[in-house]
Structures are given as C-alpha cells and as structure tokens.
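Here's the structure we're looking at; comments come further down.
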Amino acid sequence: MAKKVTTKTFMKKKESGEKITAVTSYDYSFTRLIDESGIDMILVGDSLGMMIQGHSSTIPVTMDEMIYHSRIVARANPSCMIVTDMPFLSYQAEVSEAVINAGLLLKEGFGEAVKLEGGADVAEKIDAITRAGIPVQGHIGLTPQSVHQMGGFRVQRDEDRIVNDAHAVEEAGAFSVVLEGIPSHIAKRVTKELKIPTIGIGAGVDCDGQILVMHDLLGLNRGHVPKFAKKFSNLGDLAVEAFAQYAKDVKEGKFPGEEHSY
Ligand code: KIV
C-alpha cells in the first residue's frame, strides 16, 4: 500500500517542485481506481450536484449529501488525501456554523480536510476552522457557488483581488488553495508569492498541482465540457457501446451463454 498523503506531503511537494495531482471522486468504486493510479488527492467536490445529481449548478447540494458521498469515498480507505467540499450555505453565515459543519464532514463524512470557496471574505471562517484542528483548502478565482453573482461561470481577471484573496487564505491558515478559472500569468504570480501549494483548474501550467473533475477527465460528461478540461479517455462512448452490445446480445439470445449459466 502506498504511503498516506497528508498536508505535510503537500508542503514537501511545494518545496521540492514535484507536482501535486488531484481529481474529484464521489463514490467507493472510482475512489479505488483513482487510488490505484497513485494520484495524491481526491476531492469529494460539490460538483457532484452537476455530475451525479444533474443540477445546473452546485448551489442545491446539501450537507447531508456531502457527508453521504464523503463517507462512501472514505470507505475505499485510499492512500490519497480526501478533501471534502463545504456546500453552499454551510459556512457563509456564521463562524460557529462553519466550524461545526467542517467538523461534521470529518466526524461523519470521514474526510481529512475541507475545501471552501472565497478569499478575504471567508478568512475569518478559515482561521476558526483551522484552529479547531481541521485542515482547510481555499478556493479562489472562479468560485462556482457564486455563479449568479459572477453572471455565469466566467474566467476571473481582477489580478489585485485574486492576489489579495490568495494571501488572505494563506494567512488565515489554509494548507493549500485551488485557483480556478484565472489567467495563467496571475496563477504563476500567486504560486510564486505563496508558501502554500496552489492547485490549478483552468489556471495554466505553473500551479503547484492540477485538479480535474473526474467526469471531464474520463469523457463521462455528456453536458458542457469547459475549455480547460482535457479528456484523457472516452469512457462515455465505451459505456454506450457496451450497453448497446449487451442489449443486442440479450435480444439475439446470445447472452447469457453456457459460461454464464449454472
Ligand atoms: O467541486 C469541485 O469539483 C471543485 C473543483 C472544480 C475544484 O471544486
């Protein structure tokens, strides 16, 4: 079994320049496959609202749903680190509520860290959660829970704001920060200025690591695939072919054969 990845591994990789690899997962079976691949971090992302539940944004996802998916990911007992997303409205309103909900994602969801969206505006919450002994990953730039405020899933280009947010997240105690949907030169600057690792998604090649949504990476997403998401496989097409072949064999009486019968 590979060595368990922790927040310390993240810092070591930042110092040595070795890239950090991360992908989303929402269940037991895929988590086992991801762990076999040697990837460093699994994000139980609230993108499950779109990839698993079919919503058009992450906003409807609840704490109970995040706990459920985090638990079934954790049941695979992976060597990679499990970071669980804090869903919309689980941390925005009150510091104490943010700490309790972050704690529940560890206590009942068996996550090993939490991720929450926002920069300077959520620094107080990051500080309180980390002081409760819970590692926090920040998430700045394009923050999907603010889709209506941003006027859509748009690339964020306000360099001063992004740099300020990055420093606020680091100073509040986050162990790493996701940079989503920002120009590469801003991500490069942030990565150079911060002591904590940056994990990019649509933020260019100079981040300390990269993350992708599993369904985009595997070609399972039949909806809109963003420009930054490279398809490393075409599992969606392979699945359709397999279902169609199965249906054909059943209709033609070719399945089950002798070898599948008792
Ligand atoms: O929920 C998610 O999948 C995410 C990634 C896009 C970083 O937050």
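Read the numbers this way: they start at 1 and go in the same order the structure lists the ligands and their atoms. Keep in mind that the numbers below use all heavy atoms, side chains included, and drop hydrogens, waters and symmetry copies.
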Gln245 vs Asp249 side-chain heavy atoms within contact, under 4.5 Å: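 Gln245 reaches Asp249 side chain to side chain.
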Does a side-chain heavy-atom distance below 4.5 Å link Gln53 with Leu48?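 SC-SC contact between Gln53 and Leu48 confirmed.
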Spell out, as yes or no, whether a donor-acceptor pair under 3.5 Å connects the side chain of Asn221 to the backbone of Gly223.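 Yes; judged by distance alone, with no hydrogens or angles, the pair exists.
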For the residue pair Ser176 and Gln137, confirm or rule out a side-chain donor-acceptor distance under 3.5 Å.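 Judged by distance alone, the side chains do pair up.
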Under a 3.5 Å threshold, I'd like every N/O contact between ligand 1 and protein atoms, with atom names and distance.
residue: ligand 1; atom: 1 (O); partner: Asp46; partner atom: N; Å: 3.2
residue: ligand 1; atom: 1 (O); partner: Asp46; partner atom: OD1; Å: 3.0
residue: ligand 1; atom: 1 (O); partner: Ser47; partner atom: N; Å: 3.0
residue: ligand 1; atom: 1 (O); partner: Ser47; partner atom: OG; Å: 3.3
residue: ligand 1; atom: 1 (O); partner: Asp85; partner atom: OD2; Å: 3.0
residue: ligand 1; atom: 3 (O); partner: Ser47; partner atom: OG; Å: 2.5
residue: ligand 1; atom: 8 (O); partner: Lys115; partner atom: NZ; Å: 2.8

Go through the structure and list residues passing salt bridge (charged side-chain N to carboxylate O under 4.0 Å, His left out) with Asp208, not counting sequence neighbours.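 In terms of salt bridge (charged side-chain N to carboxylate O under 4.0 Å, His left out), with neighbours along the sequence ignored, Asp208 is linked to Lys14.
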After noting the C-alpha distance and the side-chain angles of Ile20 and Met81, does the key distance pass the side-chain contact (heavy atoms from CB on, under 4.5 Å) rule? CA-CA 11 Å; Ile20 296 164; Met81 182 170 186; over 6 Å; no
